[in-house]
There are 2 protein chains.
Amino acid sequence: MGGLATVNTGTEAPRRTRIQQEKRELILEAALEVFSTNGFRGSTIDQIAEAAGMSKPNLLYYFRRKEDIHETLMQRLLDTWLAPLRELDDIGDPMTELRSYIRRKLEMARDFPRESRLFANEILQGAPRIMPLLAGELKTLVDEKAAVIKGWMRAGKIARTDPWHLIFSIWATTQHYADFDVQVRAVLGPNRGGDGRFEDAARFLEQLFLDGLKPKG
Amino acid sequence: MGGLATVNTGTEAPRRTRIQQEKRELILEAALEVFSTNGFRGSTIDQIAEAAGMSKPNLLYYFRRKEDIHETLMQRLLDTWLAPLRELDDIGDPMTELRSYIRRKLEMARDFPRESRLFANEILQGAPRIMPLLAGELKTLVDEKAAVIKGWMRAGKIARTDPWHLIFSIWATTQHYADFDVQVRAVLGPNRGGDGRFEDAARFLEQLFLDGLKPKG
DNA sequence: CTAACGTTTGTCCAATCGGTCAAAAATTTG
DNA sequence: CAAATTTTTGACCGATTGGACAAACGTTAG
């Protein structure tokens, strides 16, 4: 007889066997691949199951509903995704801090493009599943860091601007290389669009955020 | 009896009656709304038909397949979407030209957010339907404008950087306010996230691209 | 009026969807 | 070993999907 609801209690304590750990991980990896390229509604359980190398009922033994997979994925994502911003620290040289924040975000776009696209998909569709997190946890964190940046501006360490839009512009420019990767590569062509494109981007962004475009007097 | 295939010949000349013109326009408007928030696979013909105020078979009388609607939408989009870049002109002050390009792109993000999201959805999913356009028409245009920008750099009118990544950064920062609008508003909150957010963004971006963040000596 | 043509809809269909279930297979436990 | 438990699967279900079709309806030209 089937050993049923002991696995996906969801809210309860996750007492899991070794196999359950491994298989759940396998499913999440496959789901990340599928969800990030097709969106939630555009992805099917069959696709995920096939990518994970198992049958659909077997997948549903580990995750009761399609939404549970997506939810688990999103929860994990947000933690690692905001880590670079959390590291933005009041101690240390402001310009250096910002530069390394940009570098870290660009590295994440390079190393975890699927996670970036998963997030972008969710936001594009109106963030129906993570809206509370955006208005809560995320807003709190950004407001906090905006205050730090404002302190730097008052101290004359960096130019005075809108800290919130500064953070947006860092998000936009770095995540662009993950979310719009196909377009970036198509436009750059085989030569400039190769592996070196992230170093080119890093150099450009560093200069942009440091000096802007005005020619050196 | 039905007056059949005279409407959706697709490749042939579009000899259309007044009603056909109007209804097709109605459908495209509804489809833009639906596709831009749900993606292609996530949208259903029924949704579009309902949004257009007609029955599904009636919609399919004007567009034979779901894909035909999407294709028509994308074709129109690309023309208007790239118009600002086409206007980027060699005559005139380079810094002014770039500034007004950024302003125009930001206005498009404000006035046509659905178009921006439709495009973002397509790229996110690997641009399966417009890849040839990216590697062809788009690349040609960008290469051409990159050459113009390079000329400005050689003439010492703007700082030397990578013109392609400069264009990417303008796309990213401006379209961010359409594609990630939900997140932007959630983070800014009711006060700063109101209608004034685009003016704040315009001010910030102007300063970023002009002077960067380095404090004024 | 009527014939021809353009428009609209109700009905239907095969394929696919998310998810269930019971039974088989594999594994762990004693 | 055998019993208990966990894991896997084939078969199945109702709902939804994109699309086909013929009949009904509306409009216009002769």
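Please read all numbers here as calculations on a predicted model, not as lab measurements. Just so we're on the same page: letters track the sequence lines, and every chain starts at 1. Only heavy atoms go into these numbers, but all of them, side chains included; no hydrogens, no water, no symmetry mates.
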Donor/acceptor link under 3.5 angstrom from A/Lys66 side chain onto base of C/dG19: no
Closest nucleotide among D/dT8, C/dT8, C/dG19 to the A/Arg65 side chain: C/dG19
Selected nucleotide, minimal atom distance to A/Thr44 side chain, candidates C/dG6, C/dG18, C/dT9: C/dG18
Whole angstrom value for the distance that separates [atom2] of [N] from [atom1] of [X]:
X       : N      : atom1 : atom2 : answer
B/Leu60 : C/dG10 : CG    : P     : 14 Å
B/Asp46 : D/dA15 : CG    : C1'   : 12 Å
B/Ile69 : D/dG18 : CD1   : P     : 10 Å
A/Lys56 : C/dT20 : NZ    : P     : 11 Å
A/Tyr61 : D/dT7  : OH    : C1'   : 5 Å
B/Ile48 : D/dG19 : CD1   : P     : 10 Å
A/Leu59 : D/dT8  : CG    : P     : 11 Å
A/Leu26 : D/dT8  : CG    : P     : 10 Å

side-chain hydrogen bond (donor to acceptor under 3.5 Å, both in side chains), paired with A/Asp181, selected from A/His176, A/Arg197, A/Arg110: A/Arg197
With B/Ser116, the side-chain hydrogen bond (donor to acceptor under 3.5 Å, both in side chains) member among B/Asn121, B/Asp111, B/Thr174, B/Asp179: B/Asp179
Whether B/Phe40 and B/His70 hold their rings parallel, tilted or perpendicular, with breakpoints at 30° and 60°: perpendicular
Geometric class of the B/Phe119/B/Trp81 ring pair [parallel <30°, tilted 30-60°, perpendicular >60°]: tilted
Face-on cation placement of B/Arg24 at B/Phe63 ring, 6.0 Å and 45° thresholds: yes
Does [X] place a side-chain N or O at less than 4.0 Å from the phosphate oxygens OP1/OP2 of [N]?
X       : N      : result
A/Arg41 : C/dG18 : no
B/Gln20 : C/dT7  : yes
A/Asn58 : D/dT7  : no

Touch class at under 4.0 angstrom, heavy-atom based, for A/Lys23 against every strand present: sugar-phosphate
First of B/Ser43 and A/Pro57 reached from the 5' end of DNA chain D, by closest nucleotide: A/Pro57
